[in-house]
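Worksheet: one structure, shown below.
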Amino acid sequence: MSQSLDNKFLELRRNYIASQFGKLNDVQKQAVFYTQGPLLILAGAGSGKTTVLVNRIANLIRFGNAYQTEKAPFGVSQELVDELELLLREKGTPSPELAPLLAERPVWPYHILAITFTNKAAGELKNRLSSMLGEAGQDVHASTFHSACVRILRRDAERLGYPKSFTIYDTDDQQRAMKEVYKSLNVDDKFIPIKAAMSNIGRLKDKMISPKQALAAPADTRAGLIAKIYDAYQKRLLHAGAMDFDDLIYQTVRLLQECEDVREFYQSRYQYVLVDEYQDTSVAQFQLVYLLAGAHRNVCVVGDDDQSIYRFRGATIENILNFEEHFQGAKVIRLEQNYRSTSTILDAANCVIQNNQARKGKTLWTDNGQGDKILYYEADSEMEESAHVATVIGQNLRKGAKLRDHAILYRMNAQSGPIETYFARAGIPYKIVGGQRFYDRKEIKDIIAYMAVVANRQDDLRLRRIINEPARKIGATTVQNAADIASGLGIPMLDVIEHCGEYPALGRAVGALQKFYGIYEQLIKVYETLPLDAFVTELLDITGYRAMLELAGEEGQTRLENIGQLVSSVKTYADQRGPEASLEGFLEEVALISDIDSYDDQADVVVLMTMHAAKGLEFDYVFIVGLEEGIFPSEMSRYSNEDLEEERRLCYVGITRARKELYLSSANSRMMFGQTKRNKHSRFLDEIDPDLLTVEQSPVARQMQMVRQRYQSDARGGYPSNNSGVYLNREYNRVPANSTGVNITIKPRQTGTRLTSGIQAGSAIQAGSVAARPQQQVPSRDGDKNFRVGDLVEHKVFGRGVVQKITPVAGDTIVEIRFEKAGVKKTMANYAPLKKV
DNA sequence: ACTAGCCACTTTTTT
DNA sequence: AGTGGCTAGT
């Protein structure tokens with residue numbers, strides 16, 4: 001075959017393959033077609049990295065290495081070249097002769113492992129793969145680090161001395177186990193708080209440091225003690241046949257390190273390894289990737305060093321900074337075009353992040369257009385801030401935006417409170433993502449503990465949780481005795497309980513214990529005969545848990561309802577998995593699930609969440625609230641540059657969530673942990689180019705400021721020095737005052753914490769607030785709140801509407817209103833920002 | 001074994 | 001401020 005024909009074919013083939021991925025830009029295509037060897041994709045926020053990942057996998061499966069191959073396949077003929085040419089012009093399906101020549105060593109989906117951090121991300125990947133590739137997409141192993149590890153460990157945990165059916169301990173179980181360790185070692189938790197020990201041990205595992213290593217070279221007495229705790233804790237978990245979250249990674253790495261055959265098995269199984277959110281990986285996770293990809297080195301990691309926000313959990317940004325050293329000869333591709341945000345928003349993000357030192361450096365750009373300026377609102381209090389957020393949402397709704405296009409982001413969960421209160425009163429539907437997980441509720445954890453004991457007889461910790469829940473006259477002393485006997489003999493507690501008559505130490509408790517063992521046996525029997533969800537329902541009766549809650553009044557009812565939800569999730573699980581469903585499987589799913597996974601972007605509600613939880617999401621309208629020194633950046637981070645840089649990255653993440661509009665706000669005073677604090681506005685605001693901002697100040701904040709100004713010029717005849725010493729304000733009076741609306745030029749020299757010193761200052765504030773505060777905007781004033789059916793009303797958020805129905809309730813009235821734009825809503829007459837027209 | 005009252009805690013946390 | 005966990009008392 002002639003050289004030119006071959007070359008012609010190769011060229012056409014490249015064109016053909018490229019045409020199959022037409023929507024990608026050139027850099028994205030590079031990332032998709034670079035299939036062999038280590039690759040680092042530095043993907044800026046909104047640069048379409050998931051698309052790249054999906055297309056990369058699709059390319060591997062459909063065409064393998066064909067795009068890059070220089071050598072034409074055997075069997076190229078003029079006819080095939082002609083057919084290919086035609087195919088390029090007129091789309092269609094390649095003939096059976098041509099089809100195999102289009103691919104070069106295509107990859108079997110089974111050989112691809114794609115690792116993400118969240119179930120949600122893994123699910124999204126799977127969905128997009130199967131919609132792009134059909135069945136083949138479903139065979140790609142896309143999962144989270146943790147579930148990939150569980151899968152590996154379920155096969156071979158015995159090699160490490162753990163049962164295959166090991167239990168997964170969540171933070172709560174971990175804490176209980178740790179308490180027992182403290183007791184057995186006689187450690188005072190005042191010296192090292194349990195939480196501190198837990199996080200220290202977690203970090204050790206993240207760094208692949210074994211108890212033995214930790215014991216061998218302690219840095220100081222504290223580290224030595226932690227090593228001892230670590231050692232005892234680890235032994236206890238091994239004895240219980242349990243692993244905590246950190247163990248899942250740590251033990252998998254151990255397994256792969258220690259067992260050559262296991263390692264080789266997975267290396268040949270996973271010939272292509274892709275890792276998402278690489279900036280958030282720990283040393284252990286790096287090791288895992290390194291071990292899996294060690295032989296073939298077909299490893300592709302995607303990440304953004306500027307979005308690394310989990311350093312406090314053991315993520316090490318060095319993984320991404322040093323990737324080229326870890327994998328010699330690695331190619332680096334930067335995705336810098338952003339498809340998400342306006343250039344104003346992007347510029348603001350760049351302004352902030354460029355103040356960080358530790359970064360690879362990249363600058364996002366977009367051709368989305370400039371968009372509107374960012375609105376910075378300075379409120380006087382957190383209530384005002386919340387009111388402002390609600391008002392802006394109302395304006396946007398009237399312009400045709402949907403509730404679900406709005407997200408409120410904050411630094412810590414506690415900040416959701418005032419916003420919630422205001423939203424509830426104003427009748428704005430909202431949903432909080434994060435906070436307490438459903439599966440963290442006491443009653444749910446109890447039932448799960450019962451299920452765990454049935455699944456794993458060795459799980460002493462779970463057993464101890466439920467042995468006397470509901471009360472069965474098995475007190476703490478009895479439990480402790482049984483536990484001591486068990487650990488003395490090295491057997492599970494249930495074995496001791498089974499033969500409790502043989503142990504004199506258990507004395508009078510024998511009757512109660514035997515009764516409990518009877519319950520356990522019944523559970524096992526029911527478990528073996530009934531389907532999973534029926535088993536759980538039975539469990540409630542056999543254990544007496546239902547009876548206990550039924551006697552517990554109203555609260556018991558709510559708890560029972562929660563358990564009802566659990567039962568239905570068991571049923572859903574059983575239906576989904578069919579014959580594969582197992583108790584272990586369900587428990588595993590529950591243990592590895594998180595709240596953000598259940599975030600449903602279809603429901604039309606405003607979402608409230610932390611900036612951490614918002615990573616990977618995007619919204620048209622984003623509010624970042626509480627931009628105050630001590631809140632964001634948080635108090636804890638203010639004195640360490642590294643921590644501060646992490647806060648700044650978090651700010652970058654927050655800003656880059658916004659597609660169309662970004663709203664920033666701060667409150668001059670805020671109730672925190674029961675005390676009112678006055679905070680200076682966040683330094684991150686000062687880092688944004690003033691030209692990108694429109695500054696607005698609440699009337700109250702302005703009045704307060706004027707009072708302060710007067711005080712200052714009277715008392716000192718000048719400006720007080722900047723007592724924070726941490727940073728110097730840039731002045732907002734450079735903001736052009738030409739923008740429309742109610743913009744007010746702020747002189748931040750006069751705002752914030754400075755006034756907290758001095759009694760007169762305090763009284764000046766009081767005087768100002770009495771004069772200025774018109775009782776906030778939350779409750780509507782008297783006079784016109786006696787609504788009648790048919791009244792035309794105006795709601796601050798939903799606009800105009802007609803009253804449909806009036807229902808008096810204790811001290812207030814529910815008013816049902818049909819709004820022109822927003823549909824029918826129910827509001828409380830006394831609280832809704834509502835007036836007659 | 002149970003309960004009342006006191007005290008300590010409250011950054012973020014994909015798993 | 002609000003909650004959850006623990007101690008001391010019954």
Side-chain angles (χ1 to χ4, degrees), chain A residues 115-124 143-150 168-172 174-176 179 189-190 193-195 198-199 202 205-206 243-250 252 276-277 279-282 284-285 307-315 409-415 417-418 421 433-437 439-442 468 470-479 509 512 588-599 609-617 626 630-638 643 646-647 649-651 653-654 671-676:
Chain A
I115 314 178
T116 62
F117 272 81
T118 62
N119 294 308
K120 190 173 165 32
E124 198 181 312
S143 74
T144 64
F145 266 103
H146 294 265
S147 44
C149 286
V150 169
I168 301 169
Y169 277 6
D170 66 13
T171 325
D172 194 75
Q174 220 182 326
Q175 207 163 346
R176 284 157 178 272
K179 266 181 203 153
D189 67 352
K190 298 223 168 48
I194 293 205
K195 282 201 174 140
M198 275 164 56
S199 102
K205 288 183 188 171
D206 285 337
M243 297 196 198
D244 63 24
F245 287 138
D246 300 313
D247 271 329
L248 296 178
I249 316 286
Y250 174 81
T252 306
D276 196 11
E277 307 281 14
Q279 75 281 353
D280 288 329
T281 49
S282 63
Q285 283 160 336
Q307 291 190 67
S308 164
I309 52 173
Y310 286 101
R311 204 176 68 103
F312 72 94
R313 277 198 82 257
L409 309 183
Y410 35 75
R411 178 65 239 266
M412 49 188 171
N413 286 118
Q415 285 172 263
T421 312
V433 178
Q436 213 203 9
R437 292 189 324 153
Y439 291 103
D440 284 342
R441 282 163 216 223
K442 211 175 291 147
N468 202 31
R472 298 192 179 95
K473 309 230 178 274
I474 303 174
T477 329
T478 307
V479 173
E588 191 173 303
E589 197 157 284
V590 164
L592 299 179
I593 211 159
S594 84
D595 201 78
I596 187 83
D597 297 331
S598 57
Y599 165 65
M609 65 183 114
T610 63
M611 277 170 277
H612 282 92
K615 196 168 87 168
L617 304 176
I631 304 277
F632 189 32
S634 83
E635 188 61 38
M636 317 291 189
S637 68
R638 283 172 76 177
D643 289 346
E646 176 135 319
E647 296 283 306
R649 290 192 291 268
L650 188 57
C651 185
V653 168
M671 180 83 117
M672 245 332 23
F673 305 135
Q675 274 182 325
T676 304

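Protein chains get the first letters and strands the later ones, always in sequence-line order, with residue 1 at the start of each.
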Problem - Nearest-0.5 Å distance that lies between atom CD in E647(A) and atom CD1 in I631(A) - result: 11.0 Å

Under 3.5 Å, which N/O atoms of the protein pair with N/O atoms of nucleotides 5-10 of chain C?
from	atom 1	to	atom 2	distance (Å)
dC6(C)	OP1	K179(A)	NZ	3.0

Practice task
Please identify each residue that fulfils side-chain contact (heavy atoms from CB on, under 4.5 Å) with E646(A), with sequence neighbours left out.
Solution key: R311(A), F312(A), R649(A)

Completion exercise
So CZ of F117(A) and NZ of K615(A): to nearest 0.5 Å the spacing works out to 7.5 Å

Handout entry: Distance in angstrom units between K615(A) NZ and dT12(B) P, rounded
Key = 17 Å

Handout entry: Residues forming a ring-ring contact (aromatic ring centres under 6.0 Å, His included) with F632(A), sequence neighbours excluded
Key = F684(A)

Completion exercise
Rounded to whole Å, OH of Y310(A) lies from C1' of dT14(B) at a distance of 5 Å

Handout entry: H146(A) NE2 to dT13(B) P, straight-line distance once rounded to whole Å
Key = 15 Å

Exercise for the section: Name all residues meeting the side chain to side chain donor-acceptor pair (under 3.5 Å) criterion together with T281(A); count only those two or more places apart in sequence or in a different chain, and write none if there are none. Expected result: N319(A)

Problem - Atom-to-atom span, CG of L409(A) to P of dT12(B) - whole angstrom - result: 14 Å

Every protein N/O within reach of nucleotides 1-11 of chain B N/O, cut-off under 3.5 Å:
from	atom 1	to	atom 2	distance (Å)
dA1(B)	OP1	G475(A)	N	2.7
dT11(B)	O2	R411(A)	NH1	2.9
dT11(B)	O2	R411(A)	NH2	3.0

Exercise for the section: Applying side chain to side chain donor-acceptor pair (under 3.5 Å), name anything that partners E635(A), two or more places apart in sequence or on another chain. Expected result: R638(A)

Exercise for the section: For Y169(A), enumerate each residue passing the ring-ring contact (aromatic ring centres under 6.0 Å, His included) test, keeping only those at least two apart in sequence or located in another chain. Expected result: none

Problem - Options dT14(B), dA1(C), dT13(B), nucleotide nearest the side-chain atoms of F117(A) - result: dT14(B)

Problem - Euclidean distance for P, dT11(B) against dG4(C) (whole angstrom) - result: 16 Å

Fill in the blank from the handout: For D206(A), the side chain to side chain donor-acceptor pair (under 3.5 Å) test, sequence neighbours excluded, returns R203(A)

Handout entry: Atom-pair distance (CE on M609(A); P on dT13(B)), nearest Å
Key = 11 Å

Handout entry: By side-chain contact (heavy atoms from CB on, under 4.5 Å) - contacts of A512(A) (at least two apart)
Key = I474(A)

Exercise for the section: Please work out if F145(A) contacts a base, only the sugar-phosphate, or nothing of the nucleic acid, heavy-atom cut-off 4.0 Å. Expected result: nothing

Practice task
Measure the spacing between CG of N413(A) and CE of M609(A) and express it to the nearest 0.5 Å.
Solution key: 11.5 Å

Exercise for the section: Check the distance between dG2(C)'s C1' and M672(A)'s CE and give it to me in whole angstrom. Expected result: 12 Å

Exercise for the section: Under the side-chain contact (heavy atoms from CB on, under 4.5 Å) rule, collect the residues that match up with M198(A), sequence neighbours excluded. Expected result: T171(A), Q174(A), Q175(A), M178(A), I194(A)

Exercise for the section: Round to a whole Å and report the spacing from CG of D206(A) to P of dT14(B). Expected result: 14 Å

Problem - Watson-Crick or G-U stems of DNA chain B, 3 or more pairs, under 3.5 Å, by first number - result: B:1-10 with C:1-10

Handout entry: Any residue meeting side chain to side chain donor-acceptor pair (under 3.5 Å) with S147(A), in chain and number order, not counting sequence neighbours
Key = T144(A)

Exercise for the section: Measure from CZ on F312(A) to C1' on dT13(B) and round the result to the nearest Å. Expected result: 4 Å

Exercise for the section: Looking at every strand, decide which applies to D246(A) at a 4.0 Å heavy-atom threshold: base, sugar-phosphate, or nothing. Expected result: nothing

